[in-house]
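Data block below; observations after.
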2 protein chains.
Amino acid sequence: MAPTNPQPDTLREAQDRFIATWGQMGSAWGISRTMAEVHALLFIAGDPLCTDDVMDRLEISRGSASMSLRALVEWGVVSRAHKRGDRKEYFSADQDVWTLFRAVVRERMKREVDPLLASLFEIRDLTRGMGGDASEHNLRLDELLQFFEIVQAVGQRFISPNGEGLQAAAEILSKTSA
Amino acid sequence: MAPTNPQPDTLREAQDRFIATWGQMGSAWGISRTMAEVHALLFIAGDPLCTDDVMDRLEISRGSASMSLRALVEWGVVSRAHKRGDRKEYFSADQDVWTLFRAVVRERMKREVDPLLASLFEIRDLTRGMGGDASEHNLRLDELLQFFEIVQAVGQRFISPNGEGLQAAAEILSKTSA
DNA sequence: CGCTTCTTTCAATCATTTCTGAAAACCCTA
DNA sequence: TAGGGTTTTCAGAAATGATTGAAAGAAGCG
């Protein structure tokens, strides 16, 4: 029999499984499965791919590929690239995991934590200074506000240019025993 | 005109707005809106409520209330309570925000991070030691694995009995300027 | 026990999100 | 600026997820 090269198939299978895994992960996070899969593909492939590559590999429609890619670019985790003498647009995923994570945190803070804090402040102002049943209510709200202010502050530090420090902190926190 | 007491209405409006806000927050997190609203109601009301209280206040069906309550109990953020001489079951939300947060982290780690890590290990083993195109692939996977191992370690510390330490750490991290 | 009250379950329905595909818009190049 | 290749848009279709309500199942009480 002809000597077949098993490597490409194994690699492809590994990629496919990674894509599936990452896709599931994504849907647990409010990111649509397809969008997460597109990101997984770009990340694991390493080199830039064009829309058709993505469509073919993931078996999705052109519209879906276009929308997912655009969203990923907006999230700042994928960037556009061009190849000389080729009119197609190529896309590549940022390869640094911490950068990726920072982008996700930034985006989620903006969409979730900030508006939440704003609402909580408004709600607290409704009953501020009121006594009776409202005092306990106010206490609960204040505790919540305090908590989310901490979340926001930690998040800010994490995504800030010198958020590198927090990366180191996380690494240390994960190792120390006390 | 009769002197009306504006407080109850204001308090109720504040509660309603809190419930709505928390509900939205929940749906941004893969928790169904209703479930988040039920939690919000129990949290902000402070005292234990029975299924009918929840149904009436949120205008949801009995089935929905039952399912949401049960899920909240499973998450460990709500507990069952009984009143003497009353056959109904009452539910109350844990009032400590950090405890709540720890429960959420615990649950999400279990459902999301642990399986993800398991899959990533399996996927890496498929191509382990392979050269060629696979070497870069392996590098990417290793970086990802390293990252999620840190996430897991930090998470573990956070939810551990002496995770109090991490709470303090977060408070400090949020305040320090460097 | 049998009655009553309360809780859970689950198939059917409803609502929301996501995907498709074809048409419109875009943009090089000649 | 006409023509061919490429990308975006969006209305409708499909898939997924949540909710209802009624029936079955417990559990306390007399």
Side-chain angles (χ1 to χ4, degrees), chain A residues 19-20 22-42 48-75 78-92 107-108 111-112, chain B residues 19-20 22-42 48-75 78-92 107-108 111-112:
Chain A
I19 292 166
W22 202 242
Q24 290 217 271
M25 174 75 181
S27 46
W29 271 72
I31 291 160
S32 90
R33 204 191 69 261
T34 301
M35 183 172 154
E37 285 182 357
V38 172
H39 178 260
L41 172 57
L42 292 175
L49 302 180
C50 70
T51 307
D52 293 81
D53 295 335
V54 173
M55 288 170 57
D56 294 349
R57 181 70 182 267
L58 264 33
E59 300 185 75
I60 59 175
S61 72
R62 183 170 300 284
S64 194
S66 172
M67 279 168 151
S68 298
L69 286 167
R70 171 230 274 279
L72 288 167
V73 170
E74 267 166 15
W75 273 60
V78 160
S79 49
R80 293 172 197 273
H82 292 275
K83 281 190 181 169
R84 239 172 242 312
D86 189 340
R87 271 155 78 173
K88 280 203 278 292
E89 208 156 15
Y90 287 75
F91 298 86
S92 63
E107 211 57 26
R108 295 187 69 108
R111 297 181 192 202
E112 291 154 33
Chain B
I19 291 166
W22 203 241
Q24 290 219 270
M25 174 75 180
S27 46
W29 272 72
I31 293 160
S32 92
R33 204 191 70 262
T34 301
M35 182 172 155
E37 284 182 358
V38 172
H39 178 260
L41 172 57
L42 292 175
L49 303 179
C50 69
T51 308
D52 293 83
D53 295 335
V54 173
M55 286 171 58
D56 294 349
R57 181 67 182 270
L58 299 177
E59 300 185 76
I60 59 177
S61 71
R62 184 170 299 283
S64 195
S66 172
M67 278 169 152
S68 297
L69 287 167
R70 169 229 273 278
L72 288 168
V73 171
E74 266 166 18
W75 273 60
V78 160
S79 49
R80 295 172 194 271
H82 292 275
K83 282 189 181 171
R84 238 172 242 314
D86 189 339
R87 271 156 76 175
K88 278 201 281 291
E89 207 156 16
Y90 286 75
F91 298 86
S92 63
E107 211 57 25
R108 296 187 68 108
R111 296 178 193 204
E112 291 153 34

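Chain naming here is simple, since letters A, B, ... match the order of the sequence lines and numbering starts at 1 in each.
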Does some side-chain heavy atom of B:Ile60 sit less than 4.5 Å from a side-chain heavy atom of B:Val38?
yes

Could you run down nucleotides 1-8 of chain D 5' to 3' and tag each one B, S or - for protein heavy-atom contact under 4.0 Å?
---BBSBB

Please confirm whether the backbone N or O of B:Arg62 pairs with a side-chain atom of B:Ser66, one donor and one acceptor, at under 3.5 Å?
no

Using a 4.0 Å heavy-atom cut-off, write out nucleotides 11-19 of chain D from 5' to 3' as B (base contacted by protein), S (sugar-phosphate only) or - (no contact).
-------SS

Pairwise side-chain contact, B:Arg33 with B:Gln24, heavy-atom cut-off 4.5 Å (strictly under)
no

Is there a donor-acceptor pair closer than 3.5 Å between any side-chain N or O of B:Ser68 and the backbone N or O of B:Ala65?
no

Is it the case that over 12 heavy atoms from other parts of the model lie below 6.0 angstrom from the CD atom of A:Glu74?
yes

Grab the CZ-C1' distance between B:Arg84 and D:dC29 for me, whole Å please.
16 Å

What's the NE2-P distance between B:His82 and C:dT5, to the nearest Å?
19 Å

Non-neighbouring partners of A:Arg108 that pass side-chain hydrogen bond (donor to acceptor under 3.5 Å, both in side chains), sequence neighbours left out
A:Glu112

When you compare the side chain of B:Leu72 with that of B:Met35, does any pair of heavy atoms fall below 4.5 Å?
yes

Going by heavy atoms in the side chains, are B:Asp53 and B:Leu41 under 4.5 Å from each other?
no

